[in-house]
Every structure is written in C-alpha cells, then in structure tokens.
Amino acid sequence: MTFGYFDDENKEYVITRPDTPLPWINYLGCQDYFGIISNTAGGYSFYRDARLRRITRYRYNNVPFDLGGRYIYLRDDESGEFWSPSWQPTRHDLENYTCRHGMGYTLIGSRYNGIAAHTNYFVPLDENLEIWQLTITNQRSKRASLSVFSSIEFCLWDAQDDATNFQRNFSIGQVEVEDGVIYHKTEYRERRDHFAYFACSGKVEAFDTQRDAFVGPYRSWDKPVALERGRLANSVAHGWAPIGAHQVKAELAPGETRQIIFVLGYHENPRDQKFDPPDSQILNKRTVKPVIAKYLDFAHVDAAFQNLRRYWNGLLGILQVDTPDVHTNRMVNIWNAYQCMATFNMSRSASFYESGIGRGLGFRDSNQDLLGFVHMVPARARERILDLAATQLPTGGAYHQYQPLTKRGNNDVGGNFNDDPHWLILGVAAYLKETGDWGILDEPVPYDNHPGSEQPLYEHLERSFKYTLDRLGPHGLPLIGRADWNDCLNLNCFSDTPGQSFQTTTNKDGKVAESVFIAGLFVLAGRELADITQRRGLTEEAKDYLAQVAKMEDTIRQHGWDGEWFLRAYDDFGRKIGSKECLEGKIFIETQGFCVLTDIGLDDGLAVKSMESVSKYLATEHGIILQQPAYSRYYLELGEISSYPPGYKENAGIFCHNNPWVMIAETRVGNGDRAHDYYSRINPSAREPISDLHRCEPYVYAQMIAGRDAPTYGEAKNSWLTGTAAWNYYAITQWILGIRTSYDGLQISPVIPKSWRGFNATRIFRGVTYHITIERAGEGNHVALKVDGVPIKGDTVPPPGDGRKEVSVKGALT
Ligand code: GLC
Ligand code: GLC
C-alpha cells in the first residue's frame, strides 16, 4: 500500500493522504538556519544548533506523535467554521490533500469547502529565515469572507532547558510587537544579542503572543479558543509561553486568488547596538527591518525560491545516471544524494528520532558521511575534515563526538572507541580523490583544539594508524576499547546497573577483548595511508605501512577466520564472538562486509565463502541482518547489543548502514547480480509498495529495518540521519555502477547485473564533465574504455591534458 508517489521530474515525493504511518518529514535550510517539517506541517526550526539555538518549540514523542509546528488556520467568517489546510492540527476531511516534499522545500495544501490553500515552506539561500508562502483560491461560486491565522510557539533557545526549567522560564518570556511583526526577545535583555521575529505580508488585523490567550486553557491546537471567537486578542506575553499568531482578513470573489507570506527568522545585532535608543530596553530593529521588507515582497520570494531550485539542481547535477532500474535512478539522482546532504548538515542531531538535544557530531559518523557529500560541497567537506581532526587526541584517538557550535570534543562521552581514528584516514582519502587538493595534508591542525599543538593534517593520519598498533591484543588483533563501529558491542562494559550508559561505562581494563572488524578497517585505512604516503614521496614509510597491513591480514586469516566466515571479535575472556562455537550470535555481517570490501580473502577463496555465508545465514527479503541467531537474553559480557529484544537495532535488526559493505564486497568478488539485489532490498523507493509495512518515508533510508526475529519484521525505524545514506550512495555509484574517484583520474569499473544492457551517466569531476555510456557485450565485468573514441589501457580515464571540459567515455563490458 502506498501513501503517495514519486514525481521525479520535479524531484518531489508527493504524499496524497495526510495519515501516513509515521510523520514523513523533510528538511528546510542547508547553511545555518534549519527546519524539520512533517507532511502535516509539524516540526520546528533552529539556528545552527538544534539544542542551543532552538527557535520554535517541539515536544518529541507527543500524542499524537507529531504535534506542534507551522500551522495555518483558515476560518470562514460567515459560518465560523475553521480548519487547517495541512490537516493537522484540526484534522478535517480535506479534499485534494497533497504534500510535496522537494529539495529544500515542502509544499502542503488541500481544498475544503471550496477554498483551496497551499503553503510553500522554504529557507532562502544565505538567509537566516524561513518563508511560508500561502496561496488561497476561492473556488466557490460566491464571495468568501475568510480569516487567515498563523501560529508558532517560540522556544527559549536552549531546548533542553526549555523542556525542564519551568520555574525560571515561565517568568522570563518577553516579546515586542511593531507594525504587525512579532519579536521574540526572551533573555535578550541579558546575555543574548539574537532574537526571533515573525512577520506577515498581509494587513494584520490582530495578533496574539501569549499561548493561553490563543489556545485557551484546557485546549489544544485543534480547537484554539481564538479561532472559535474569530478574533485574536492582541495579547502581549509577559512570562509563560510566548507564541506568534497573526490574523489577516481575506475577502475573496469567486475564482479570486490571494497570496500571503509569513516570515519567521533569526537575527543577531552587534553586542553594542542591542537596543534602540541605546539606553532603553527596546530591540534595535534597524538591521532586521530591511531583511523583513525584502521577504515580504512577492517577487523577491519567487526569485529566492527559483534560486534555491537552481542550487539543488546544480548539486545533484554533479552525478546523474540513467540505468534500467527506476529505483536506482531516482535514489542516485535525487533522494539519496539529498539525504547525504542532510546527514552532512545534521549528522545525527535532529530528526524525528534524534531529539536535537543529545548527540553532537560523531567522529566516526561524520567521516563516513563525507563519502556521500564530498563531491557536492568539497569546500565544506574540507572544513569538516579540519574540524574533526582538531578534536583528535594526541594519542591518535578521538573524541567520539564534538559539538558543532563550539567545535570542541564532547567530554561527557570521551573517547576510546578504537575504530574512530581510522575513519579520518578514509574521509581524507575520499576528499583527496575527489578534489586532488593535496594542500590539505599540510594544513596545521591542533590536537584536542589545543593552541600550540598544531601539526600538519598528514601527521594526524599517521597517528590514527599508530593508535591501533599501540593497542593490539593477545591475538595481535586490535583491542576494541569501548566499542568499534558497532556502538553496542561493549566488551569491556560489564554493566549490571540500570541506566548506566553502555558506551561510557568501562569495568574492564580493556587488555583482552579484540575486534576483527577494526582489523579489517585497519587494513583498508592502512592501504589508503600507504598510497597517500607514497604519493608524498615517502617511499620507505609507505612500505612500512604496507608491511603492517600485510601482517594484520595474516593475523585475520589466522585468528579472524572461523571456517565459513570471518569472526567478529574476542570477548574479555578471550572467547570467540561470531563463531560456529557460539550458541547465539554465530555470524555477524560487519566483518564479512568489511574484510571482503577490503579485498581480504579474494585470492584464497575466503571472500567467496564469506559471501556465501551471508547469503545463507543473514540475507532476508528485507535486507541483510546484523547477526544470527539473535541474542535471546542479556549477556553482561556483550553489553548493549544484547539489551535489545531480538530483531531490533544491533541485535539482529537489519542495520542498513552495513548492508552496503556487503554490496561492495559482492562487487569485489564479481557478483553484480547479488550486489544490486542487496541494494534493491533496502532501497526505500523499491520498498514504496509496502509502505504500510515499512512505515518510514519511501524516499530516504532509515537506520534500521526490523529483522526476522522481530514481531514487526520489515518495519523501518529511525529515518534520515544514518550512515546508511552515505554508504549506499557510495556502494551504488562507485562500486556497482563503478564510477570511482581515484588519484589518477576517474575510474570506470562497473559490476552490474547480467541482465542490464548497460547504463549512461554524467559525472562532473575536477571541473570536467564526463559523459559515460556503458554497454554490455558479454556477461562479465571486464571493461574496455574508449575516451573520445580512442581506446585507453586500463579502467581509469586520466584528466584531459588539453583543457577540454567535456569528455565522452564509452565502455564495453565483457
Ligand atoms: C549508530 C551510530 C554509529 C554506529 C551505529 C552502529 O548509527 O551513529 O556511529 O556505528 O549506530 O552501532
Ligand atoms: C544506541 C544505539 C546505537 C547508537 C548508540 C550511540 O546505543 O542503539 O545505534 O550508535 O546509541 O549513541
């Protein structure tokens, strides 16, 4: 069952009924001002940091799940009836309800009682504000006398404090209203130099800024007392809960259309010019007024919207593909790339499953996210890499997270996740291959943000590598620390106290438990580092790295292989995890995917065996399960993984982030059919027909799909902010379609299904546009390339020497 359809032409998903199984959301903004918006206009906005600069209030895990947002009400002033064209909060039986989630905008509308109303919500580029562009048409045969009401609930900036500190917060709310613009200035009198405002292009008949005056006691947003009364009360909030609500009258002749724009924004004043006059307590509005005036202008708003569309077309235009599979095309060309930009902007901070007040940016997560967005925003990727590296510790280890506003490592969570540092090497390698910007390696970057500790970025990579060599366990495998990629495999935790964090509790000294996953990661990162080092002319060092890598490969073969698949780890007692000897958790996905994508076991058959075992024991119709059999009870020595009921999250859920590792691994063993089949099983677009089971958005990946041990097998959860986005994008584009960035040029090495006749693609790479056509001439994966008609050796297209900006590449697969 579906709840809408894809409009690929417009790069939109069109939701055609409001009661989606879960709120289906979109993101507004792509620089500093952001919003989350659901298909019924729920959600909130913030400036840069979802916790510290929350602009509007949102109550997570509400009843209903999604309540509170950017609500517009229409009221028929003759009958007194009122409704909301976005369905929530009044939930009327609307005609023609549609929500078009597009690239950086969401257009929601419907018709009710002959009145059509649509609102386009978006954040203009380079501005700290959002637009609600409302268009109302009277489709009745007679005049309509309407009132239009806007509503938002201001937050007190720090969302955590806002949700807990009522003894203070109910007494500090302050607003000003001038020319119909509502200014929210709570705490501005003291240490803030920023405020929010809410403006309207129509003639403001009346306003409300005190929540109780608008909603009324003992009521909710579905039946505000002000709407029943038909008139706002011009309330001015002193303490309690400041809101913004405008009332505008709309008298519409039959067929008449009217547009009203609402602008919600964030503004900063210079510290010494906060007030006007200077010795007063009145907001200085001199610099904000021109911004407001600009965006209450219809023509300007239209231009800003076109500008936003051009921006996204430009970003997505860097790679466009045309394959025989519509789901591949749609995800690669539109939604997966778009989701990668969301993970770049949000990391794991703010979605409908991440509250925005918890985690900052993960060191591991953000480095991996790079794989998905580096080609679209290379300059910002560069900045991200340098920020991440600056939180690295002198040991080579890393803070597990850092805060985007301060760019400091998060002390509460600390470090000792022993995989973390290697992701930096992989992130930097991806950046170098995309951009060829070798200069980044010489950038001085501090450790732990300590002034004076700056060393070239290259040295940070060396320390990342050495970090593991300094921490090898009894089998010569890397010690796991608090956890590796799997945050929930906590082998040194041994927690029996309710409420303790599995990630930060460490009861063992960590000298025994080892990770085969980190070993595989070490091999991959070590090879990348050796390559970079070689290209810097440091031949001896490069050799040394490769020797360490070879040694680790041997160790994996000797102590990390279980006969049919790769082991997962050794626990604190030195016992195997992920082995046929185990009663539960006999086989794990991570090491199968990661060791094989790193080419371990390609030459001696282990890789093929490992892939066969994945297919036999872990693959399901809904994706590949993390481990089997699921843990049926809590194991003190395993930690959080066994805290989840079977089939969920890391305990035998389909954890979509690691499925692409197997896809890439399948391309390494040459099995394009299986690689693409696995890709399709979790492809959200391909799962659209089972939306009632999948439940999350059909246009973006979710972190998890419940595994076959779960009663809700096939149900997705935690959509949007997941490493799944980057890894799937990387797997399909660089390994299955095989359009791969490399130091020496654009490599083209597809491993596609046998049944495909070929595909076309356009890729802009280092300023050159490559028009790629691949045709199947046989069943295999051997590619013969012609560049502008001339055959070349190998599968890497070197940059054109003569300054050409367009290159045609034809490939025959045999
Ligand atoms: C979450 C974390 C990520 C981790 C994964 C597996 O997605 O953000 O860092 O690797 O879970 O535990
Ligand atoms: C929880 C989640 C896991 C995530 C971790 C990090 O344990 O299950 O996916 O990586 O939190 O905060």
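Just so you know, these numbers come straight off a predicted model, no measurement behind them. We use all heavy atoms of the structure for the numbers below, so side chains are in, but hydrogens, waters and symmetry mates are not. For ligands, and for the atoms within them, numbers begin at 1 and follow the listed sequence.
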Scan residues 574-596 for pairs that pass ring pair (Phe, Tyr, Trp, His ring centres under 6.0 Å), counting only residues two or more places apart or in two chains. W423-F594, F517-F594, F594-W661
For the pair F344 and F373, name the ring-plane relationship: parallel under 30°, tilted 30 to 60°, perpendicular over 60°. tilted
Which atoms of ligand 1 sit under 4.0 Å from any heavy atom of E650? 6 (C), 11 (O), 12 (O)
At under 4.0 Å between heavy atoms, which part of D365 makes contact with ligand 1: side chain, backbone, both or neither? side chain
Identify the heavy atoms of Q339 and Y701 that sit nearest to each other, and give their distance. OE1-N, 2.8 Å
Enumerate the atoms of ligand 1 whose separation from the nearest heavy atom of N486 is less than 4.0 angstrom. 12 (O)
H657 contact mode with ligand 1 (heavy-atom cut-off under 4.0 Å): neither
Would you find a donor on one side and an acceptor on the other, under 3.5 Å apart, between the side chain of S642 and the backbone of G639? yes
